[in-house]
Amino acid sequence: MEISILDSYEEISRRAAAIITGQLEKKKDLLLGAATGSTPGRTYDLLAEEYGRRPQLFAGMRVLKLDEWGGLRMTDAGTSESYLQERLLSPMGIPPSRYISFASDPADPDLECERMQGELAMAGPLDCCVLGLGLNGHIGFNEPAAFLQPGFHKARLAEATLQHSMVAAMERRPQYGLTLGVGDILQARTILLLISGPAKKDITRELLSKKVTPDLPASFLWLHAHTICLLDKDAV
Ligand code: GLP
């Protein structure tokens, strides 16, 4: 994992957006794995600004939603779906044919994960996987556990995860998580791990100790050949 400590959230967002646009210049149909949450928000806004200047650059870009809050309605404000529609898909005019996404409330979550696994097998691997870091070290909804799962799965959400700002104030509560697996993440050609803010200090310190453990799922990124970790000063 290549670590870059930058001055501010704005700087990590600018660097991340520049890496993604640089990759798009080389591969027009780039498949972007898109995390949600507060950390990648500014990166997506900057990409949308770049789309305004160079729409052709984004004409083939594909997006895969990495994870979803299970049990919410797709249109609920807190879903990853609403987030990506608002921050990424609609500003960049990405049509459903270039978007791979979980349903948030499928009749059979395991079947929905199987469907997503099949979609990724056809479209993948991810060219670039944008990740945030959960306060408990999760990536996507791969939560700390005795063992990790390589593929898409229904996840039991940790208490800390249920307090996440996307859903903390929602009346309808997520029942579970839907996520791609750690194996799917590790097959991405490039991984961009974005970490910002003082709340992430403790978990970042643990991550930087390089102990690879399922208690800290993000530590598996140490095993990946091309992970770029962009941190701001507040997070270290
Ligand atoms: C949520 C999302 C993840 C995200 C993580 C960190 O659980 N499902 O995709 O990376 O939280 O979020 P934040 O960037 O808001 O700290």
Side-chain angles (χ1 to χ4, degrees), residues 6 8-10 12-13 16-17 32-46 63-72 74 76-89 100-104 109 113 116 126 128-145 148-149 152-170 173-182 184-185 188 191-204 206-207 216-221 227-232 234-236:
L6 302 173
S8 63
Y9 174 62
E10 181 65 17
I12 63 172
S13 307
L32 182 79
T36 57
S38 54
T39 316
R42 179 70 182 142
T43 301
Y44 298 155
D45 293 348
L46 290 165
V63 174
L64 180 134
K65 176 171 73 174
L66 292 190
D67 56 20
E68 186 55 279
W69 302 97
L72 302 185
M74 207 65 155
D76 282 348
T79 56
S80 300
E81 185 67 25
S82 299
Y83 176 108
L84 289 180
Q85 291 289 351
E86 195 180 309
R87 304 293 285 262
L88 203 58
L89 305 172
I100 304 172
S101 164
F102 286 107
S104 59
C113 290
M116 286 293 283
L126 294 171
C128 182
C129 185
V130 174
L131 295 174
L133 178 66
L135 283 173
N136 63 358
H138 74 209
I139 42 178
F141 279 136
N142 292 279
E143 296 279 34
L148 299 178
Q149 300 193 44
F152 284 83
H153 60 279
K154 177 180 172 185
R156 187 159 169 231
L157 295 177
E159 240 351 278
T161 303
L162 287 163
Q163 304 310 315
H164 190 277
S165 57
M166 288 171 78
V167 294
M170 286 189 68
R173 305 297 299 148
Q175 306 298 309
Y176 54 89
L178 290 163
T179 186
L180 86 173
V182 174
D184 302 314
I185 293 174
I191 298 172
L192 273 181
L193 175 65
L194 309 180
I195 311 177
S196 169
K200 299 280 167 73
K201 255 188 186 163
D202 291 347
I203 196 69
T204 299
E206 280 183 51
L207 175 65
L216 203 174
S219 66
F220 278 73
L221 300 176
T227 292
I228 301 169
C229 175
L230 303 177
L231 295 138
D232 64 18
D234 291 348
V236 288

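Only a predicted model underlies this, so the values are computations on that prediction, with no experimental measurement involved. For this chain, numbers begin at 1 and follow the sequence in order. All ligand and atom numbering here is 1-based and tracks the order in the structure.
Not one N or O on the side chain of Glu81 forms a donor-acceptor pair closer than 3.5 Å with the backbone of Glu68.
Heavy atoms only, all atoms of each residue included: Met74 and Ser82 are closest at O-OG, 3.5 Å.
For the atom pair Leu180 CG and Leu66 CG, the distance stands at 5.5 Å (nearest 0.5 Å).
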Any protein N/O atoms within less than 3.5 Å of an N/O atom in ligand 1? List the atom names and distances, or say none.
| residue | atom | partner | partner atom | Å |
| --- | --- | --- | --- | --- |
| ligand 1 | 7 (O) | His138 | NE2 | 3.0 |
| ligand 1 | 8 (N) | Asp67 | OD2 | 2.9 |
| ligand 1 | 9 (O) | Asp67 | OD2 | 2.9 |
| ligand 1 | 10 (O) | Gly132 | N | 3.4 |
| ligand 1 | 11 (O) | His164 | NE2 | 3.2 |
| ligand 1 | 12 (O) | His164 | NE2 | 3.0 |
| ligand 1 | 14 (O) | Ser38 | N | 3.4 |
| ligand 1 | 14 (O) | Thr39 | N | 3.0 |
| ligand 1 | 14 (O) | Thr39 | OG1 | 2.4 |
| ligand 1 | 15 (O) | Ser38 | N | 2.7 |
| ligand 1 | 15 (O) | Ser38 | OG | 2.9 |
| ligand 1 | 15 (O) | His164 | NE2 | 2.8 |
| ligand 1 | 16 (O) | Lys200 | NZ | 2.7 |

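Residues satisfying the side chain to side chain contact (heavy atoms under 4.5 Å, CB included) criterion with Gln149, sequence neighbours excluded, are Phe147, His153. Under the rule for a ring pair (Phe, Tyr, Trp, His ring centres under 6.0 Å), Tyr83 has no partner lying at least two apart in sequence or in another chain.
Among pairs with a residue in residues 156-170, none fulfils salt bridge (charged side-chain N to carboxylate O under 4.0 Å, His left out), at least two apart in sequence or across chains.
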